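No experiment lies behind these values; they were computed from the predicted model shown.
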Amino acid sequence: RPWDIFDIYYKNWTPQQNHNISINGGNEKTQYTLTAGSLKQEGILNLFDDFYKKLNTMVFVSSEVNKWMTVRGRFIHTKETQETPFSYTGTTYDPMYYLYRWHNVMPCGTYNGNEFRGGVAEMKAARPIENDAYFNRFTLGTTLKLTKGLTADFDYTSGQTFATNHTVGGYVKGIDLWNLAAGQKFDDVTKVYTSASYDYIQYTSSKNLRNTYNGYLTYENKFGDHSFKAMVGTNLEDAEYIYQSAKRNNVYNFDLPEVNLAGGDQAAGSSHSWWSIAGFFGRLNYAYKDKYLLEVDARYDGVSKFQSGRRWGFYPSASAGWRITEEPWMKPLLPVISSMKLRASYGENGNQDVPTAAYYPTLSVTNPTIAGNYWLINSNFVPYILNAAALVDPSLTWETVRTTDIGLDSRFLDNTLGATIEWYQRKTLDVISPGEVVPSTVGATAAVRNFGELTTKGIELSIDYTHTFSN
């Protein structure tokens with residue numbers, strides 16, 4: 001191969017700019033922070049001006065209105081812009097993958113002004129795929145000091161993500177060596193060699209909305225050698241996702257790539273989903289002389305992703321600790337043994353990471369306007385359903401993760417040497433996974449079920465050493 005693929009395809013270096021500014025201030029009652037930043041990364045492609053840009057701002061204000069109320073607010077805005085080249089070979093493999101597969105005598109460059117078929121020609125002809133994303137999130141909250149040791153916290157967060165994509169295909173003309181027959185010359189196979197399926201314009205847009213509500217009461221007090229802290233609260237969350245797309249083939253002018261400036265088959269698509277979660281929790285902490293530690297937690301969570309009657313789960317947990325070096329009979333060993341704590345914990349958590357439509361059967365409607373996917377009734381294109389509804393398991397519910405942990409944390413030689421040994425077991429029950437295989441005559445895939453169980457156990461040992469040089 002007389003030419004270097006890497007030098008043709010990639011730059012030796014590329015610049016990146018990152019600028020940030022931060023302003024903060026306030027007094028004993030009010031504090032504020034303002035930050036802004038920008039990032040620009042130029043791509044590494046020689047044959048296409050790809051890039052990524054990001055702008056972000058954040059404003060935070062907290063103010064003590066009076067001796068029993070504090071209010072706070074935060075706003076975040078981010079804008080991202082990215083341009084990448086349209087791919088005529090798909091996105092499973094980078095075009096470089098195919099370039100390196102060519103044999104050593106594969107030509108590169110031009111002949112009579114025409115490129116040879118391949119990644120270089122396609123990259124030069126590629127139009128930009130434009131991706132824009134906007135993220136906004138604001139939080140409003142307050143802390144109320146209701147009485148001595150008792151506080152209430154309330155926070156509301158709203159997040160919105162908007163994303164758009166503009167994709168323009170095209171065609172590539174070149175010398176199609178892949179179809180060069182014996183006796184033919186390069187001019188005989190100089191043609192548009194890409195498929196007509198790449199001749200299209202497409203817009204997509206999506207909107208992701210999420211609201212989060214948190215509220216909890218905290219009581220903390222100390223009676224002699226006994227310290228107590230109790231917390232009860234709730235968290236609610238709802239989300240909605242909307243997606244739309246519009247596509248049309250046979251673009252009239254690729255310099256004016258718009259859906260209404262194309263004359264071929266057209267297709268529109270959309271999806272719309274939503275879900276919500278509600279949770280209630282409580283926590284109790286107790287310490288005696290800061291030597292014996294105990295914590296008990298409980299959660300009761302529900303999610304809309306499961307059938308009625310299977311949506312709620314109860315998840316308890318507890319942990320205990322013993323600071324051995326706080327015992328009087330350990331004092332003679334200081335500072336050889338600087339600190340030592342024995343701890344143990346057991347807890348359960350729920351996992352509801354499943355699609356929103358996992359518990360009810362759905363039918364997919366095939367778009368009749370795309371060439372090859374049509375059904376004619378009375379000479380008209382009509383939508384049709386090709387496959388049976390997906391099978392579902394109405395008893396589908398939460399996965400439960402149980403974790404047991406026992407550990408010993410120690411530090412020696414005036415805290416310079418540390419060692420931790422820990423035994424753990426993590427067991428996942430009712431794992432959501434594909435169910436039993438069904439015969440092909442059923443005409444549908446097997447339903448996902450709470451079908452599996454996974455156990456992980458082990459021992460971890462970590463040792464660290466810290467030293468500060470006085471010079």
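- The residues Asp464 and Arg411 are annotated as salt-bridged, a charged nitrogen and a carboxylate oxygen being separated by less than 4.0 angstrom.
- Side chain of Arg248 to backbone of Ala262: a donor-acceptor contact under 3.5 angstrom is found.
- Looking only at atom types and distance, the side chain of Arg299 has a donor-acceptor partner in the side chain of Asn235 under 3.5 Å away.
- Counting heavy-atom neighbours within 6.0 Å of Lys11 NZ, excluding the residue itself, gives a total above 12.
- The distance between the ring centers of Phe154 and Tyr156 does not fall below 6.0 angstrom.
- Heavy atoms from other residues, nucleotides or ligands lying under 6.0 Å from NZ of Lys173 number 12 at most.
- Under the 3.5 Å distance criterion, the side-chain polar atoms of His166 are left unmatched by any main-chain donor or acceptor of Asp132.
- Arg117 has its side chain out of reach of Leu177: every pair of non-hydrogen atoms, C-beta onward, lies at least 4.5 Å apart.
- Contact annotation: the side chain of Pro128 never approaches that of Phe86 to less than 4.5 Å [non-hydrogen atoms, C-beta and beyond].
- Side-chain contact of Glu240 with His272: a donor-acceptor pair under 3.5 Å is present, judged by distance alone.
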Before you tell me yes or no, could you show the steps for Thr143 and Arg72 under side-chain contact (heavy atoms from CB on, under 4.5 Å), namely the whole-Å CA-CA distance, both residues' side-chain angles and the distance that decides it to 0.1 Å? CA-CA 9 Å; Thr143 298; Arg72 54 189 171 270; 2.8 Å; yes
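- Checking Asn211 against Asp238 by side-chain atom types alone, a donor-acceptor pair falls below 3.5 Å.
- Without hydrogens or angle criteria, Asp188 side chain to Lys185 main chain gives a donor-acceptor distance under 3.5 Å.
- Without hydrogens or angle criteria, Trp398 side chain to Arg311 main chain gives a donor-acceptor distance under 3.5 Å.
- Going from atom OG1 of Thr218 over to atom CG of Asp153 covers 6.0 Å, rounded to the nearest 0.5 Å.
- Counting only heavy atoms from C-beta outward, the side chains of Leu261 and Val259 never approach each other to under 4.5 Å.
- For the pair Ser271 and Tyr241, the minimum side-chain heavy-atom distance is below 4.5 Å.
- At least one donor-acceptor pair closer than 3.5 Å links the side chain of Thr142 to the backbone N or O of Thr70.
- Distance CG/Asn253 to CD1/Ile201: 12.0 Å, rounded to 0.5 Å.
- Between the side chains of Thr139 and Thr157, at least one donor N or O sits under 3.5 Å from an acceptor N or O.
- Rounding to the nearest 0.5 Å gives a distance of 9.0 Å between CG of Asn250 and CG of Asp265.
- Taking the ring centroids of Phe281 and Tyr300, they lie at or beyond the 6.0 Å cut-off.
- Side-chain N/O atoms of Ser319 and Ser345 include no donor and acceptor closer than 3.5 Å.
- Of the N and O atoms on the side chains of Asn18 and Asn20, at least one donor lies less than 3.5 Å from an acceptor on the other residue.
- Looking only at side-chain heavy atoms (C-beta outward), Leu417 and Thr466 stay at 4.5 Å or farther from each other.
- In the model, Ser158 has a side-chain atom that pairs as donor or acceptor with a side-chain atom of Gln160 under 3.5 Å.
- In this structure a side-chain-to-backbone donor-acceptor pair under 3.5 Å is present from Arg310 to Ser395.
- No side-chain heavy atom of Met123 sits under 4.5 Å from any side-chain heavy atom of Val120.
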Apply side-chain contact (heavy atoms from CB on, under 4.5 Å) to residues Ile23 and Thr33 and explain how you reach the verdict. CA-CA 6 Å; Ile23 301 173; Thr33 301; over 6 Å; no
Just do the side chain to side chain donor-acceptor pair (under 3.5 Å) check on Ser245 and Thr204 with the steps written out, would you? CA-CA 4 Å; Ser245 67; Thr204 67; over 6 Å; no
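- Side-chain contact check for Asn249 and Asp199: no donor-acceptor pair (N or O, by modelled atom type) lies under 3.5 Å.
- A donor-acceptor pair shorter than 3.5 Å can be found between the side chains of Asn112 and Asp187.
- Side-chain contact between Asp301 and Tyr315 is present, with heavy atoms from C-beta onward closer than 4.5 Å.
- The distance between the ring centers of Phe116 and Phe186 falls below 6.0 angstrom.
- The side-chain heavy atoms of Lys191 and Asp176, taken from C-beta on, include a pair separated by under 4.5 Å.
- In this structure, a donor-acceptor pair under 3.5 Å is present between the side chains of Glu122 and Tyr193.
- Within a 6.0 Å radius of CG in Asn24, other residues, nucleotides and ligands contribute more than 12 heavy atoms.
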Using a 3.5 Å cut-off and no angle test, enumerate the donor-acceptor pairs between side-chain atoms of residues 40-58 and protein atoms at least two apart in sequence or in another chain.
{"unit_1": "Gln41", "atom_1": "NE2", "unit_2": "Gln16", "atom_2": "OE1", "d": "3.0"}
{"unit_1": "Asn46", "atom_1": "ND2", "unit_2": "Asp7", "atom_2": "O", "d": "3.0"}
{"unit_1": "Asn46", "atom_1": "ND2", "unit_2": "Tyr10", "atom_2": "O", "d": "2.8"}
{"unit_1": "Tyr52", "atom_1": "OH", "unit_2": "Glu80", "atom_2": "OE2", "d": "2.8"}

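- For the residue pair Asn165 / Thr167, a side-chain donor-acceptor distance below 3.5 Å is found, with atom types taken as modelled.
- Between His77 and Phe75, the ring planes lie parallel to each other; the angle is under 30°, not in the 30° to 60° tilted range.
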What side-chain donor-acceptor pairs closer than 3.5 Å can you find for residues 420-429, not counting sequence neighbours?
{"unit_1": "Thr420", "atom_1": "OG1", "unit_2": "Asp409", "atom_2": "OD1", "d": "3.3"}
{"unit_1": "Glu422", "atom_1": "OE2", "unit_2": "Arg343", "atom_2": "NH1", "d": "3.4"}
{"unit_1": "Gln425", "atom_1": "OE1", "unit_2": "Lys457", "atom_2": "NZ", "d": "3.3"}

Does Tyr200 form a ring pair (Phe, Tyr, Trp, His ring centres under 6.0 Å) with Tyr198? I'd like the steps, not just the answer. CA-CA 6 Å; Tyr200 70 88; Tyr198 294 119; 7.6 Å; no
With side-chain contact (heavy atoms from CB on, under 4.5 Å) as the criterion, how do Glu348 and Thr400 come out once you've worked through the C-alpha distance, each side chain's angles and the decisive distance to 0.1 Å? CA-CA 7 Å; Glu348 295 184 0; Thr400 300; 4.1 Å; yes
Stepwise, does the side-chain contact (heavy atoms from CB on, under 4.5 Å) test hold for His19 with Ile21? CA-CA 7 Å; His19 307 280; Ile21 185 173; over 6 Å; no
